[in-house]
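Proteins get letters first, then strands, A, B, ... in listed order; numbering begins at 1 in each.
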Protein chains: 2
Amino acid sequence: MTSNRSVPTLYDVAKTAGVSTATVSRCLNSPEQVVEHTRKRVLEVINQLGYTPNFGARAMAAKRTYTIGAVIPTMENAIFARGLQAFQEELRAGGYTLLVSSSAYDPQIEEEQIKALIARGADGLLLIGHDRTKTVSEFLRKQGTPALAAWSYEADAELPSIGFDNRRAMRSLTEEVLALGHTRIGVISGITDGNDRARRRVEGISDAVTAAGLDMAGVPVIETPYDIANGAEAFHNLMQADTPPTAVICGNDVLAAGALKAAGEMGIEVPRDVSVTGFDDIELAGILTPPLTTVHVPHREMGRRAARTLLAMVQKGITGQTVQLEAKVCLRGSLAGPKAD
Amino acid sequence: MTSNRSVPTLYDVAKTAGVSTATVSRCLNSPEQVVEHTRKRVLEVINQLGYTPNFGARAMAAKRTYTIGAVIPTMENAIFARGLQAFQEELRAGGYTLLVSSSAYDPQIEEEQIKALIARGADGLLLIGHDRTKTVSEFLRKQGTPALAAWSYEADAELPSIGFDNRRAMRSLTEEVLALGHTRIGVISGITDGNDRARRRVEGISDAVTAAGLDMAGVPVIETPYDIANGAEAFHNLMQADTPPTAVICGNDVLAAGALKAAGEMGIEVPRDVSVTGFDDIELAGILTPPLTTVHVPHREMGRRAARTLLAMVQKGITGQTVQLEAKVCLRGSLAGPKAD
DNA sequence: ATATGAAATGTAAGCCGTTGCATTAAGTTA
DNA sequence: TAACTTAATGCAACGGCTTACATTTCATAT
């Protein structure tokens, strides 16, 4: 059954090395069980033949793949990039491979991707946030694949999570804005449907606004997909109002970058004419002009801890502990008091 | 962890529906071969049981996975994000799933990731650029997995590629710079070792400089990993020289962003005191202050075409055609003539 | 009805590893 | 050296799916 033209199999290696397939398998998976002299010979043959284990077969036989999957809403902007990088580094240190796919913020696609990853044998899954359909949760439970939610802390959600309290963080930021005397606020939010982070952030704004004795009904909120161009457009619209806001709070840094861009184009000076804030503190935030006031998210720490937690879940079968990290307001040049008129 | 109720298999579905496993399999893979009435019943059972095909088994039996893998140098900055997004969209339209992993610009890790992806049954591979070891090329050939290189056009490279001529594009940009009268140029490049894009770009600069009758030996070139902070540091170093450059050409937009940032901190005004250019035209480039002169890369088109080409290679077994796309100089505010002194 | 070809379905042989258990070789002790 | 322990290796079942080939069913023509 040796084929000379196709990819070599365990069997080929075994035959060439004059041992059984079991021994070859052991050389690869638990080398300490094989005596040095045999092992050496087998490894030589493996090299010589350029053998690589067939993953499908291995996954099927061993029921584990040393693969962790992550489904993130987007790769387009850097929101998840840094955290994911740290996540991957940590996984790699633990001997695991990370496979990423993106859902374009579409729950339908997210579901597909989750299934694709599980079908491909992912031992564990990293997901973003908590908003997903019953079907998906059901599916995950049924498959018994450990999953962890990140970028969002939620005490009693379906999945254990590691993240920060988006609502509280945004509330703090908004309080800073209000403390400076702003009373006319505008909000540019990401699409909240199916995105608990975006929703919580708006709630946080609402909390602070209401607590300050203002009426949230008077605060214009524009929802738009996370994208610089959309942020710009929304900002433009907000500033067309008869009494435009003196502070524009954006759901994340990307939208805020768009707002700053639009401001530049409209000849509106930030923060003199209007203040702008973001959320996430991606690298971009620090190099914008003016530098963006935002909420700093501990991306790398979150990624690292997510990896550790998920690995523990996968390897020891323990239930993941939900962990809350601190996200701190980060004041920079884009926020100032309202213009005295 | 282990769940008491185990995942249903083809066999379970077959039994419940009262047909053979072959029929169930056909319902999934070639439904037209199954009579409507049977198909309907089977699909119902599938739903009811929540059956999902086991991927490993399927891959093993069918020798294809409808999965395309991509190994990119980094997810941290947006260089590959947009192109990859388009790539994924196109694949999805063709019924394929994209799995991405990142090598952190480390050839060692890249090799690992390529192997991981192939082992996991990827039907085809998207790689970035052409620099890789014999081992890897050998491995790819042996496995017979179609692979395509992107972000770099190279006529007679090992792999077919779809991309642009980094050298020529950078030469054009440099010519623009020189045409404005700059004679003191500084270069901030990415690490060229193992990165043909970075290397070609430096060559392009060299071409233009030499053609203009200047001596490349007099042009300081700093190599540093792609990262804003590194760009800033390099810029800082360049400007410390006795006769600092009047134009700093950066190997990509991320480095250029760092340069602009450093300039701001050093009180150097761009472009009055010094011009700065980038490469890639990532979204960031347009919102920096001043907007960055750069080379526009047709990210989305590249991604889309890469997908089409790779799919053709995978499905029809044809050899991929190398395609060159146009990357055009994109003049913006960060470039001007040298200060008259 | 009956023959006939096409359509639908079933049977079972792989695909390539892992691993529990059996067997053999090596090492130790009295 | 025999008896016994332990280490090293082999045997073969198993995992879930696809698909070539065999068989049955059905519709149509005679």
Side-chain angles (χ1 to χ4, degrees), chain A residues 1-3 5-43 45-46 49-67 115 118-121 123 143-144, chain B residues 2 6-43 45-46 49-67 115-116 118-121 123 143-144:
Chain A
M1 269 292 291
T2 341
S3 67
R5 61 178 49 189
S6 81
V7 180
T9 72
L10 238 210
Y11 178 83
D12 298 322
V13 175
K15 213 174 83 172
T16 309
V19 298
S20 72
T21 60
T23 299
V24 179
S25 175
R26 284 185 196 110
C27 282
L28 260 21
N29 299 303
S30 40
E32 72 285 356
Q33 284 183 39
V34 180
V35 75
E36 156 122 29
H37 135 267
T38 308
R39 191 190 330 148
K40 203 177 145 213
R41 181 155 39 91
V42 169
L43 291 180
V45 173
I46 286 181
L49 260 46
Y51 166 78
T52 333
N54 174 305
F55 187 81
R58 180 177 241 180
M60 202 158 78
K63 298 177 182 321
R64 59 184 155 58
T65 61
Y66 294 109
T67 301
K115 289 192 171 172
I118 290 201
R120 280 160 185 73
D123 292 338
Q143 297 285 325
Chain B
T2 18
S6 73
V7 181
T9 71
L10 237 213
Y11 178 80
D12 298 323
V13 175
K15 214 172 72 175
T16 309
V19 297
S20 72
T21 58
T23 299
V24 179
S25 174
R26 284 192 275 258
C27 282
L28 261 21
N29 299 303
S30 40
E32 73 284 356
Q33 283 183 39
V34 179
V35 76
E36 155 121 31
H37 131 268
T38 308
R39 193 193 327 151
K40 204 178 142 210
R41 181 156 39 91
V42 170
L43 292 181
V45 173
I46 286 180
L49 261 46
Y51 165 79
T52 333
N54 175 306
F55 185 79
R58 176 178 249 180
M60 202 159 80
K63 298 176 181 319
R64 63 186 151 58
T65 61
Y66 294 110
T67 301
K115 288 193 173 172
I118 291 201
R120 281 161 185 72
D123 292 337
Q143 296 286 323

Asks: Tell me if the CD atom of B/E32 is crowded by more than 12 foreign heavy atoms within 6.0 Å.
Replies: yes
Asks: Given atom CD of B/E32 and atom C1' of C/dT9, what is their separation to the nearest angstrom?
Replies: 15 Å
Asks: How close or far is atom P of C/dA7 from atom NE2 of B/H37, stated in whole angstroms?
Replies: 19 Å
Asks: Rounded to whole angstrom units, what separation is found between the CG atom of A/L10 and the C1' atom of C/dC15?
Replies: 13 Å
Asks: With a 4.0 angstrom cut-off to heavy atoms of chain B, pull out the first and last contacting nucleotide of DNA chain D, in 5'-to-3' order.
Replies: D/dG16 to D/dA20
Asks: Could you state the CZ-C1' distance from A/R64 to C/dT18, rounded to the nearest angstrom?
Replies: 8 Å
Asks: When you check the phosphate oxygens OP1 and OP2 of C/dG10, does a side-chain N or O of B/T23 lie under 4.0 Å from one of them?
Replies: yes
Asks: Decide yes or no for A/V42 and A/V34: does some side-chain heavy atom of the first lie under 4.5 Å from some side-chain heavy atom of the second?
Replies: no
Asks: Less than 4.0 angstrom between a side-chain N/O of A/N29 and OP1 or OP2 of C/dT19, yes or no?
Replies: no
Asks: Under a 4.5 Å cut-off applied to non-hydrogen side-chain atoms, are A/D12 and A/Y51 in contact?
Replies: no
Asks: After noting the C-alpha distance and the side-chain angles of A/V13 and A/L49, does the key distance pass the side chain to side chain contact (heavy atoms under 4.5 Å, CB included) rule?
Replies: CA-CA 7 Å; A/V13 175; A/L49 260 46; 4.2 Å; yes
Asks: Restricting to nitrogen or oxygen on both sides, can you table the protein-nucleotides 20-27 of chain C pairs closer than 3.5 Å?
Replies:
unit_1, atom_1, unit_2, atom_2, d
C/dG20, O6, A/R26, NH2, 3.1

Asks: If I take atom CZ in residue A/F55 and atom P in nucleotide C/dG17, what distance separates them, rounded to the nearest angstrom?
Replies: 12 Å
Asks: What's A/V24 touching, base or sugar-phosphate or nothing? Going by heavy atoms closer than 4.0 Å.
Replies: nothing
Asks: Identify, between B/T38 and B/A61, the residue whose nearest nucleotide on DNA chain C lies closer to the 5' end.
Replies: B/T38
Asks: Would you call B/S25 and B/L10 a side-chain contact if the rule is heavy atoms closer than 4.5 Å?
Replies: yes
Asks: Which of the following nucleotides, C/dT9, C/dA12, C/dT18, is nearest to the side chain of B/T21?
Replies: C/dA12
Asks: Starting at atom CE of B/M60, determine the distance to atom C1' of C/dC16, rounded to an integer number of angstrom.
Replies: 5 Å
Asks: When you compare the side chain of B/N54 with that of B/T9, does any pair of heavy atoms fall below 4.5 Å?
Replies: no
Asks: Donor-acceptor check, side chain of B/T67 to backbone of B/T65, threshold 3.5 angstrom: yes or no?
Replies: yes
Asks: I need the OH-P distance between A/Y66 and C/dG17, as an integer number of Å.
Replies: 16 Å
Asks: Would A/D123 and A/K63 satisfy side chain to side chain contact (heavy atoms under 4.5 Å, CB included), going step by step from the backbone distance to the final call?
Replies: CA-CA 9 Å; A/D123 292 338; A/K63 298 177 182 321; over 6 Å; no
